[in-house]
Amino acid sequence: MNGIQYLPEGYLTGTAANAAYLSDMAGLVRAAEDGAVVEATAVKCDANMNLTVPLGEIDGIIERSELMLTEGDREVRDIAAITRVGKAVCFKIKKFTQRGKKTVALLSRRDAQIECREKYLSKLRPGDVIEAKVTHLEPFGAFVDIGCGVVSLLSIDCISVSRISHSSDRFKPGDRIKVVVKSIGRDGEAPGRIYVTRKELLGTWEENAAAFRAGQTVAGIVRSVESYGIFVELAPNLAGLAEYRDGIEPGQTAAVYIKSIIPERMKVKLVLIDTFRGETALSRPLPELPDPGNHISVWRYSPECAPKLIETRFD
């Protein structure tokens, strides 16, 4: 479903097809004739917010008006250009022209995004598994590139079932991840805007809990401290609850004793043994994720024996 030219920015760099287009002037001319989406690294932003992209023998210029696809009459903000310096940008070559004695290529990232939306993103449906790249993080979620720099929101409640306080608890900018299309467009918003989710790729309650047994002492991460107890993440989609104790802070590594596992209540009762600051790996790593192009119709998190139903229906 996802043609290689519509991947998130940074994915084309190093591919044979992209390298061939950038290899020499003949390759650049061929890219322009083919209407190909090409990728290279922006190295400079001038005072007019135009980006310079070296293309081997010549330079490419992405003018401010060609930087990105916007909605309605929204202007391209300066920060959109500045933050692309030093990073891969995708583009289509519009034409070659002379500036003084130099030949330059006029590029359009916006045209690449329009084509990506028309030929790839518009064909996606809720439940489709796609590639994404984390661009920046906020307390309410992560923004991810889902193709040619087109950005989608992965809200914090969709990152995992186990609660986290900030998207940086799970990701860092530049992470390459897989996500599921959650919805397309909302009332009062631009049609075609895509929202994504990830928790449906991280396993059900039973799949996560299967790695643990009562009586074990395992490592986890303190994710939330409440008056009634402390939530410790044991796996990407599983947290247990320990009794409240003073001096415990979110983000600490925890050694916990598993007191009991109760499938019908989806509960894991813990006893906090020790906490400290330091790097740790969860006791159950990420599961093997489905390949992009796969489709999920229904995802049920809760066990069959649980009265409470937690599921996501995409179709």
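Predicted, not measured: the structure shown is a model, and the values here were computed from it. Heads up: numbering here begins at 1 and tracks the sequence.
To the nearest 0.5 Å, the span separating CD1 on I61 from CG on D46 amounts to 7.5 Å. Distance check, rounded to the nearest 0.5 Å: OG of S155 to CZ of R198 gives 13.5 Å. Taking OG of S65 as the reference point, atom CG of N50 lies at 8.0 Å (rounded to 0.5 Å). Atom-to-atom distance recorded for L201:CG and S160:OG is 12.0 Å, nearest 0.5 angstrom. Atom CD1 of I273 is separated from atom OG1 of T217 by 5.5 Å, given to the nearest 0.5 angstrom. To the nearest 0.5 Å, atoms CG (D59) and CG (L106) are separated by 11.5 Å.
Side-chain heavy atoms closer than 4.5 Å link hydrophobic residues (I, L, V, M, F, W, Y) into clusters, and following such links, possibly through other members, connects Y244 to I248. Follow the hydrophobic side-chain contacts under 4.5 Å out from V104 and you never reach I62; the two are in separate clusters. Using a 4.5 Å cut-off between side-chain heavy atoms of Ile, Leu, Val, Met, Phe, Trp and Tyr, with links allowed through other members, L67 and M49 fall into different hydrophobic clusters. L241 and I310 are members of different hydrophobic clusters when ILVMFWY side chains are connected at heavy-atom separations under 4.5 Å. There is no path of hydrophobic side-chain contacts, each under 4.5 Å, that joins L234 to F231.
Proximity of a side-chain donor or acceptor of D169 to a complementary backbone N or O of G251 within less than 3.5 Å is not detected. When atom types are taken as modelled, the side chain of S167 and the backbone of E138 share a donor-acceptor pair closer than 3.5 angstrom. Proximity of a side-chain donor or acceptor of R84 to a complementary backbone N or O of L51 within less than 3.5 Å is not detected. Panel note: side chain D128, backbone V181; no donor-acceptor pair is recorded below 3.5 Å. Between the side chain of Y120 and the backbone N or O of E115, no donor-acceptor pair lies under 3.5 Å. Here the side chain of K92 pairs no donor or acceptor atom with the backbone of S108 at under 3.5 angstrom. Panel note: side chain D24, backbone A26; a donor-acceptor pair is recorded below 3.5 Å. Using modelled atom types, one side-chain atom of K133 and one backbone atom of E9 make a donor-acceptor pair closer than 3.5 Å. At least one donor-acceptor pair closer than 3.5 Å links the side chain of R213 to the backbone N or O of A210. Side-chain atoms of N208 come within 3.5 Å of backbone N or O of L202 as a donor-acceptor pair.
Ring planes of F143 and F140: perpendicular class, angle over 60° (limits at 30 and 60°).
Counting only heavy atoms from C-beta outward, the side chains of V161 and L238 never approach each other to under 4.5 Å. The closest side-chain heavy-atom distance from I58 to M25 is below 4.5 Å. Residues T312 and T197 form no side-chain contact, since every pair of their non-hydrogen atoms from C-beta on lies 4.5 Å or further apart. Side-chain contact between V43 and V85 is absent, with no heavy atoms from C-beta onward closer than 4.5 Å. A heavy-atom distance below 4.5 Å is found between the side chains of L55 and L107. Two residues are said to be in side-chain contact when any heavy atoms from C-beta on lie closer than 4.5 Å; Y21 and D34 meet this criterion. Considering only heavy atoms from C-beta on, C90 comes within 4.5 Å of C148 through its side chain. Between V38 and L12 there is no side-chain heavy-atom pair separated by less than 4.5 Å.
Salt-bridge formation is detected for the pair K172/D175: a Lys NZ or Arg NE/NH1/NH2 atom is positioned less than 4.0 Å from an Asp or Glu carboxylate oxygen. Salt-bridge check for E200 with K182: failed, with every basic side-chain N at 4.0 Å or more from each acidic carboxylate O.
The shortest heavy-atom contact between I261 and F212 is CD1-O, 3.6 Å. Across every non-hydrogen atom of I93 and A31, the tightest pair is CD1-CB, 4.0 Å. Taking both residues in full, the closest heavy atoms of G215 and Y257 are given as O-CE1, 3.4 Å, listed atom of the first, atom of the second, then distance. A pairwise comparison of heavy atoms in P173 and L137 identifies CD-CD1, 3.8 Å as the closest pair. The shortest heavy-atom contact between Q252 and E249 is OE1-N, 2.9 Å. F91 and V53 make their closest contact through CE2-CG1, 4.1 Å (heavy atoms, listed as atom of the first residue, atom of the second, distance).
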Checking side chain to side chain contact (heavy atoms under 4.5 Å, CB included) for the pair R64/N48: CA distance, chi angles, key distance, verdict? CA-CA 7 Å; R64 181 193 182 113; N48 295 317; over 6 Å; no

Please report the C-alpha distance between C116 and L121 in whole Å, then the side-chain angles of each, then the deciding distance to 0.1 Å, and finally whether the side chain to side chain contact (heavy atoms under 4.5 Å, CB included) criterion is met. CA-CA 6 Å; C116 175; L121 298 178; 3.9 Å; yes

Audit row: E264, I262, side chain to side chain contact (heavy atoms under 4.5 Å, CB included) steps and yes/no: CA-CA 6 Å; E264 60 271 19; I262 311 170; 3.5 Å; yes

Check the pair L28, L22 against side chain to side chain contact (heavy atoms under 4.5 Å, CB included), reporting the backbone distance first and the verdict last. CA-CA 6 Å; L28 296 175; L22 298 177; 4.0 Å; yes

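When the options E39, M68, E63 are evaluated for a side-chain contact (heavy atoms from CB on, under 4.5 Å) with R109, the one that passes is M68.
Within a 6.0 Å radius of CZ in R176, more than 12 heavy atoms belonging to other residues, nucleotides or ligands are found. By the 6.0 Å contact criterion, CZ on R110 is open, its count of non-hydrogen atoms from other residues, nucleotides or ligands being 12 or less. Atom CD of E243 sits in a sparse spot, with 12 or fewer heavy atoms from other residues, nucleotides or ligands closer than 6.0 Å. Heavy atoms of other residues, nucleotides or ligands lying less than 6.0 angstrom from NZ of K178 number more than 12.
Within the structure, no pair that satisfies the salt bridge (charged side-chain N to carboxylate O under 4.0 Å, His left out) test touches residues 142-156, not counting sequence neighbours.
Under the rule for a side chain to side chain contact (heavy atoms under 4.5 Å, CB included), the partners of A239 that lie at least two apart in sequence or sit in another chain are S162.
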